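Report on one structure; see the data block that follows.
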Amino acid sequence: TITSSNAKMTVGETITYTLTTHDAYKNKINEGIITTKINNKTYTNTINNGITLIPITINKTGTYQITNTYTGTKNYQPTSNTKTITVTKKTPKITINKPNITAGKTNTITTTITTTDGVPLNEGKIQWKINGITQKDKNNKTIQTQIKDGTSNINYNIPQPGQENK
C-alpha cells in the first residue's frame, strides 16, 4: 500500500512530497522503486525504510493529479494511487517605505513588494491610495505603477498646509 496525502503549495515553492509504503500487515517496505508522475514529469525514487521523499516544484497555479506507482518486487505486488496537489498564487507582502516628505514639493513614495518568504516580486502593478483616495492621473485614470525588482514608486505632490483644496 502507498500512503500519501493531498498536498498544497504555492507557485514556485519546492515541497517535499512524502510517500509511505507498507504491506498488508503495516510493515514498512524497504525494497523496490516508486514512480511518481505529476504535470507531465516523472520522478523515480527508491524506498528508504518505507519512506520516499520527492522534491516537487510547480510554476503554474492549478490542481494537478499525482500518480504514485510501486513497481513491485519478487516479495511484493505492484500497487498505485492517485492524489491531487493544489498550487495557489503566492501572497505578496507590501511595505511602504516612509519617505521624508516635503510639503509643496513632489515626493517619491516607494513600496517594497515581496513574497511572504522575502523573495522580491518582478511582475504586476500597484494601485495607489493616499489618505484613502485612489490616485488618478490628469485623464482621471487610476494610477498603476509597475513592480520591478521588488519595488514600485509614485511621485506625489504634497500640498502646502492651507493649499489642499486649491
Side-chain angles (χ1 to χ4, degrees), residues 2-20 33-46 48 51-69 80-166:
I2 302 172
T3 305
S4 61
S5 60
N6 291 340
K8 293 181 181 181
M9 62 190 296
T10 58
V11 170
E13 174 186 25
T14 299
I15 65 165
T16 301
Y17 187 66
T18 304
L19 302 170
T20 305
I33 302 288
I34 294 277
T35 301
T36 299
K37 290 184 181 181
I38 179 172
N39 199 25
N40 297 319
K41 187 169 184 177
T42 301
Y43 303 85
T44 302
N45 292 283
T46 56
N48 184 8
I51 304 289
T52 305
L53 303 174
I54 305 165
I56 296 174
T57 305
I58 300 176
N59 293 315
K60 188 175 178 184
T61 60
T63 301
Y64 299 88
Q65 297 292 316
I66 301 176
T67 301
N68 306 294
T69 303
S80 66
N81 74 3
T82 300
K83 296 288 185 171
T84 60
I85 187 165
T86 302
V87 182
T88 58
K89 292 180 181 182
K90 291 185 177 192
T91 302
K93 177 182 175 187
I94 301 173
T95 305
I96 298 174
N97 302 325
K98 295 180 182 174
N100 292 325
I101 299 291
T102 304
K105 305 251 182 202
T106 300
N107 298 271
T108 300
I109 302 171
T110 302
T111 58
T112 302
I113 306 96
T114 63
T115 61
T116 52
D117 51 357
V119 177
L121 294 185
N122 207 25
E123 62 183 342
K125 295 180 180 180
I126 296 289
Q127 289 184 351
W128 293 84
K129 276 189 176 186
I130 299 176
N131 293 329
I133 299 169
T134 299
Q135 298 304 293
K136 307 230 178 199
D137 64 16
K138 63 184 176 189
N139 298 316
N140 206 31
K141 287 189 168 190
T142 300
I143 294 174
Q144 297 183 29
T145 56
Q146 194 68 40
I147 299 170
K148 183 169 172 42
D149 299 324
T151 63
S152 187
N153 302 314
I154 187 172
N155 292 321
Y156 183 72
N157 187 9
I158 308 292
Q160 290 277 1
Q163 302 277 323
E164 293 89 355
N165 296 321
K166 293 186 180 184

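Quantities reported herein were computed from a predicted structural model and do not represent experimental measurements.
Put simply, CD1 on I38 and OH on Y17 are 7.5 Å apart, with the number rounded to the nearest 0.5 Å. Here K89 contributes atom NZ and T115 contributes atom OG1; the two are 15.0 Å apart, rounded to the nearest 0.5 Å. Atoms OG1 and CD1, from T10 and I15 in turn, are 9.5 Å apart once rounded to the nearest 0.5 Å. Distance check: K41 NZ to I54 CD1 gives 11.5 Å after rounding to the nearest 0.5 Å. In this structure, the separation between CD1 on I143 and CD1 on I154 is 4.5 Å, given to the nearest 0.5 Å. Distance check: I66 CD1 to T36 OG1 gives 7.5 Å after rounding to the nearest 0.5 Å.
Nearest heavy atoms, P120 versus G150: CB-CA, 3.7 Å. Across G104 and N157, no two heavy atoms sit closer than the pair C-OD1, 3.6 Å.
Of the candidates T110, T151, T112, N97 forms a side-chain hydrogen bond (donor to acceptor under 3.5 Å, both in side chains) with just one, namely T112.
Taking K148 as the reference, N122 meet the side chain to side chain contact (heavy atoms under 4.5 Å, CB included) condition, with sequence neighbours excluded. With sequence neighbours excluded, the residues forming a side chain to side chain contact (heavy atoms under 4.5 Å, CB included) with I51 are T18, T20, L53, listed by chain and number. Among residues two or more places apart in sequence or in another chain, the side chain to side chain contact (heavy atoms under 4.5 Å, CB included) test is passed with T102 by K105, N107. Shown here are the side chain to side chain contact (heavy atoms under 4.5 Å, CB included) partners of P92, two or more places apart in sequence or in another chain: I113, L121.
Counting heavy-atom neighbours within 6.0 Å of K37 NZ, excluding the residue itself, gives a total of 12 or less. N48 CG: 12 or fewer foreign heavy atoms inside a 6.0 Å radius.
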- [ ] Give the C-alpha distance, both sets of side-chain angles, the deciding distance and a yes or no for side chain to side chain donor-acceptor pair (under 3.5 Å) between T108 and N153.
- [x] CA-CA 6 Å; T108 300; N153 302 314; over 6 Å; no
Task: Worked check of side-chain contact (heavy atoms from CB on, under 4.5 Å) between N68 and T35 - done: CA-CA 6 Å; N68 306 294; T35 301; over 6 Å; no
- [ ] Start with the C-alpha distance between T84 and Y64, add both sets of side-chain angles, then the distance that settles side-chain contact (heavy atoms from CB on, under 4.5 Å), and finish with yes or no.
- [x] CA-CA 6 Å; T84 60; Y64 299 88; over 6 Å; no
Donor-acceptor list for residues 56-63 side chains, cut-off 3.5 Å, not counting sequence neighbours:
{"unit_1": "T57", "atom_1": "OG1", "unit_2": "T14", "atom_2": "OG1", "d": "2.5"}

For residues 127-137, run the donor-acceptor check on the side chains, cut-off 3.5 Å, and write out each pair with its distance to 0.1 Å, sequence neighbours left out.
{"unit_1": "W128", "atom_1": "NE1", "unit_2": "T145", "atom_2": "OG1", "d": "2.7"}
{"unit_1": "Q135", "atom_1": "NE2", "unit_2": "I133", "atom_2": "O", "d": "2.8"}
{"unit_1": "D137", "atom_1": "OD1", "unit_2": "N139", "atom_2": "N", "d": "2.9"}
{"unit_1": "D137", "atom_1": "OD1", "unit_2": "N140", "atom_2": "N", "d": "3.1"}
{"unit_1": "D137", "atom_1": "OD1", "unit_2": "K141", "atom_2": "N", "d": "2.9"}

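A donor-acceptor contact shorter than 3.5 Å links the side chain of Q146 to the backbone of G124. T111 places no side-chain N or O within 3.5 Å of a backbone atom of T95 that could act as its donor or acceptor partner.
No side-chain heavy atom of T52 sits less than 4.5 Å from a side-chain heavy atom of T46.
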